[in-house]
2 protein chains.
Amino acid sequence: MATMVDVARAAGVSISTVSHVLNGTRNVEPPTRARVLAAIEQTGYRQDTLARAMRRSKTDSIGLVVSDAGEPAFAEMVHGVEQEAAVRGLTLLLANSAEDPERERRAVRTLLERRVDGVILACAADAAPPLLADLQHEKAPVVLLDRLYRDQPFDQVGADNRDSMRTLVRHLAARGHRRFLVIAGDVRVPVLEERLDGFFDGVRDAHVSADDQQIITGVDRSSLGEPIARALAQGVATAVIACSTPLAAAGLRALEDLDRKTPADVAFATFDGFDYPDLFQPRLTTVRQPAFDMGVAAVRLLMERLEAPDTSPRTVRLHQDLQLRESTEAFAPTVA
Amino acid sequence: MATMVDVARAAGVSISTVSHVLNGTRNVEPPTRARVLAAIEQTGYRQDTLARAMRRSKTDSIGLVVSDAGEPAFAEMVHGVEQEAAVRGLTLLLANSAEDPERERRAVRTLLERRVDGVILACAADAAPPLLADLQHEKAPVVLLDRLYRDQPFDQVGADNRDSMRTLVRHLAARGHRRFLVIAGDVRVPVLEERLDGFFDGVRDAHVSADDQQIITGVDRSSLGEPIARALAQGVATAVIACSTPLAAAGLRALEDLDRKTPADVAFATFDGFDYPDLFQPRLTTVRQPAFDMGVAAVRLLMERLEAPDTSPRTVRLHQDLQLRESTEAFAPTVA
DNA sequence: CTGTTAGCGCCTTCAG
DNA sequence: CTGAAGGCGCTAACAG
């Protein structure tokens with residue numbers, strides 16, 4: 001592998017001249033410049049980013065850590081981050097945490113060790129406080145994505161989870177629904193907690209008793225099937241609200257096992273939703289995150305932070321879209 | 001940030017001793033060793049991976065480039081790669097190419113520049129030959145995943161696309177189907193080409209004329225809707241085979257627009273399939289890649305390659321599973 | 001406008 | 001068993 005020394009020799013100039021034509025960091029006479037360029041071509045020289053990063057302590061790259069880039073909502077955020085990074089000439093390094101605090105910690109550390117200029121992080125469920133404390137302590141440039149934490153001194157980008165859940169409940173209440181089954185999942189995840197809060201807001205708006213509502217929480221997705229089935233079997237709820245895609249899958253499966261139809265027997269709405277929403281039968285009313293834009297916004301915040309490290313952290317909430325479809329079309333069925 | 005010099009000073013030893021306790025690269029007396037460890041603790045020292053990589057030219061990390069980690073099949077491969085990498089203490093750096101040769105090239109280059117020990121690559125549709133030639137030329141340790149190319153001197157891991165398509169056709173032929181509509185997509189992607197080849201194998205096995213078959217190819221997914229609708233409208237095909245998930249989505253949408261039911265009016269089968277296959281109505285007969293295992297195998301091949309750089313390249317084909325579901329249950333409807 | 005030189009933080013011979 | 005010293009490839013003063 002050719003180095004700058006080789007190029008310098010081939011061009012008959014000093015190594016610093018080579019460096020300067022490479023980086024455009026000072027004027028060099030067109031003829032010498034041309035000789036250097038030729039020498040680069042001829043030697044097949046390529047910059048050693050590592051050595052470069054070591055000197056500059058800057059890499060023009062950023063890291064992104066999500067729990068699973070395969071989940072639709074995260075996939076879209078990843079795309080948003082990629083696009084905005086590309087526009088700004090930044091390289092993106094991506095890592096999955098699998099919702100595991102240990103892996104997440106390792107991923108962030110690896111990224112930082114590789115001198116990414118900053119990290120965008122959708123925290124794993126149970127991981128935030130200690131990890132964030134560390135990151136804050138070492139002054140790492142971090143922006144939090146999707147999973148927002150109050151009173152954390154970081155830039156944050158998320159969706160208006162609470163408000164949009166409230167809107168959804170209002171919509172259902174207007175159709176006569178008074179008793180809900182909320183599949184809330186792991187409420188240690190702030191997103192889900194916010195959605196649950198929004199549910200109670202909505203219930204209050206509708207002047208119905210919070211006591212009549214069924215809420216299913218639980219850390220482990222795979223063990224949610226049974227409680228869901230049980231709650232559904234009682235048959236008091238006329239509307240089911242799932243707070244994320246995997247939770248919706250669990251809910252739909254339970255409904256099918258019980259042979260209860262949507263929307264005839266029970267209304268169904270979900271957050272995030274499935275890919276190809278038009279192919280899904282019945283078409284599901286969905287609250288969709290502006291995931292792509294969230295990714296874009298995260299990159300912007302990160303860059304602004306790097307430029308002005310000492311301004312105070314900002315939190316951005318983007319509006320979620322309530323997409324009404326068949327699954328909530330019917331009015332509340334009368335219950336036995 | 002504390003460096004080895006700080007640690008050495010704090011421990012009252014030389015910097016080389018520090019290096020050696022850090023890497024366990026030669027014996028050091030327990031007492032000195034202890035002092036060094038204490039000093040590390042106390043100074044909050046952390047190794048500079050960049051400087052380290054620069055000296056060692058090795059990073060214990062690998063890169064993975066796919067077109068979109070958000071697509072179900074790739075997501076699963078990513079998981080497989082992650083797991084096997086974790087088991088072996090390797091850090092994984094992930095990148096999406098968005099099926100764009102330019103982005104792919106950049107991604108691979110970035111990874112290599114960051115001195116990953118090797119790269120696992122699912123080539124973008126149109127990108128392979130020139131990129132692969134370069135990679136071969138610079139002797140980069142690369143294993144090809146999913147998208148396999150004949151006569152390329154790389155280790156490769158894929159699925160038995162041709163055979164499984166043949167099996168699928170045989171299954172459909174046994175139910176009386178003689179005229180197929182194959183949504184083949186971008187046949188520059190080797191996977192899709194192989195599946196198409198397998199289709200013709202199957203047709204031959206069934207002793208039906210290849211001329212009666214309708215094949216839809218095309219680079220641009222979004223413009224496939226119209227030809228699909230046209231082909232379907234003619235109504236000669238009794239079975240539709242989609243060669244990937246997005247193609248299946250296009251096919252199903254067209255069927256719905258025409259109000260043709262599956263499997264009553266037409267049988268439907270797809271490769272790769274959707275997440276949550278049980279929730280999809282109708283349940284789709286699917287040929288599923290062993291994507292996770294492919295990821296695992298790719299890491300293994302890569303590591304073996306690094307250990308024995310000069311052995312000849314191997315190609316591994318993993319078996320795909322034909323999952324029969326409702327969408328191909330009925331016998332071939334008689335055509336008008 | 002160009003060249004010389006001192007490190008960045010680390011690993012690794014080579015001496016002691 | 002430990003230390004001293006060179007150099008990986010590059011950038012950025014500092015000189016001329």
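Given the structure is predicted, the values throughout are model-derived calculations rather than measurements. Every chain is numbered from 1 and lettered A, B, ... according to where its sequence line falls, protein lines coming before strand lines.
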| task | Given side-chain hydrogen bond (donor to acceptor under 3.5 Å, both in side chains), test Asp117(A) with Thr59(A) step by step and report yes or no. | result | CA-CA 6 Å; Asp117(A) 297 339; Thr59(A) 55; 3.3 Å; yes
| Should Met294(B) and Leu145(B) count as side-chain neighbours, where that means a heavy-atom distance under 4.5 Å? | yes
| said: Without decimals, in angstroms, what is the distance between Asp48(B) CG and dG7(C) P? | reply: 18 Å
| request: Answer with yes or no whether Arg55(A) presents, from its side chain, a donor or acceptor under 3.5 Å of a partner atom in the base of dG7(C). | output: yes
| Any side-chain heavy-atom pair from Arg106(B) and Thr91(A) closer than 4.5 angstrom? | no
| said: With a cut-off of less than 4.0 Å, is there a side-chain N or O of Ser14(A) near OP1 or OP2 of dG3(C)? | reply: yes
| message | Using the rule side-chain contact (heavy atoms from CB on, under 4.5 Å), only one of Val142(A), Leu144(A), Val316(A), Val143(A) pairs with Gln156(A); which is it? | response | Leu144(A)
| Euclidean distance, atom CZ of residue Arg9(B) to atom P of dA4(D) [Å, nearest integer] | 13 Å
| request: Before accepting this row, confirm whether a basic side-chain N of the pair Arg147(A)/Glu99(A) lies closer than 4.0 Å to the acidic partner's carboxylate O. | output: yes
| field | Under 3.5 Å donor-acceptor pair, Arg26(A) side-chain atoms to dT2(C) base atoms | value | yes
| said: I want to verify a distance call: between dC10(D), dG9(D), dC10(C), whose nearest atom is closest to the Arg52(B) side chain? | reply: dC10(C)
| task | Take atom CZ of Arg35(A) and atom C1' of dT2(C), then tell me their distance rounded to the nearest Å. | result | 11 Å
| field | Base dG9(D) paired with Arg56(A) side chain (donor-acceptor, <3.5 Å) | value | no
| said: Let me check the geometry of the helix from dC1(C)-dG16(D) to dG16(C)-dC1(D). What is the bend angle between the axes at its two ends, five pairs each, to 10°? | reply: 40°
| Expressed in angstrom and rounded to an integer, what is the separation of Met4(B) atom CE from dC8(C) atom P? | 13 Å
| query | How many Å lie between CG on Leu22(B) and C1' on dC11(C), as a whole number? | reply | 11 Å
| query | What is the distance, rounded to the nearest whole Å, between atom CD1 of Ile15(A) and atom C1' of dT11(D)? | reply | 9 Å
| said: Students often get this wrong, so: under 4.0 angstrom with heavy atoms, is Val5(A) touching a base, only sugar-phosphate, or nothing? | reply: nothing
| field | Glu41(A) CD: over 12 foreign heavy atoms closer than 6.0 Å | value | no
| message | Just the rounded figure in Å: distance from C1' of dA12(D) to NE2 of His20(A). | response | 7 Å
| remark: The residue, Ser16(B) or Ser19(A), whose nearest nucleotide of DNA chain D is more 5′ is Ser16(B)
| query | Do you know which of Asp6(A), Val36(A), Val18(A), Leu22(A) makes side-chain contact (heavy atoms from CB on, under 4.5 Å) with Tyr45(A)? | reply | Leu22(A)
| message | At 4.0 Å (heavy atoms only), tell me whether Thr32(A) reaches a base, stays on the sugar-phosphate, or touches nothing. | response | sugar-phosphate
| Leu50(B) CG to dC10(C) C1', straight-line distance once rounded to whole Å | 11 Å
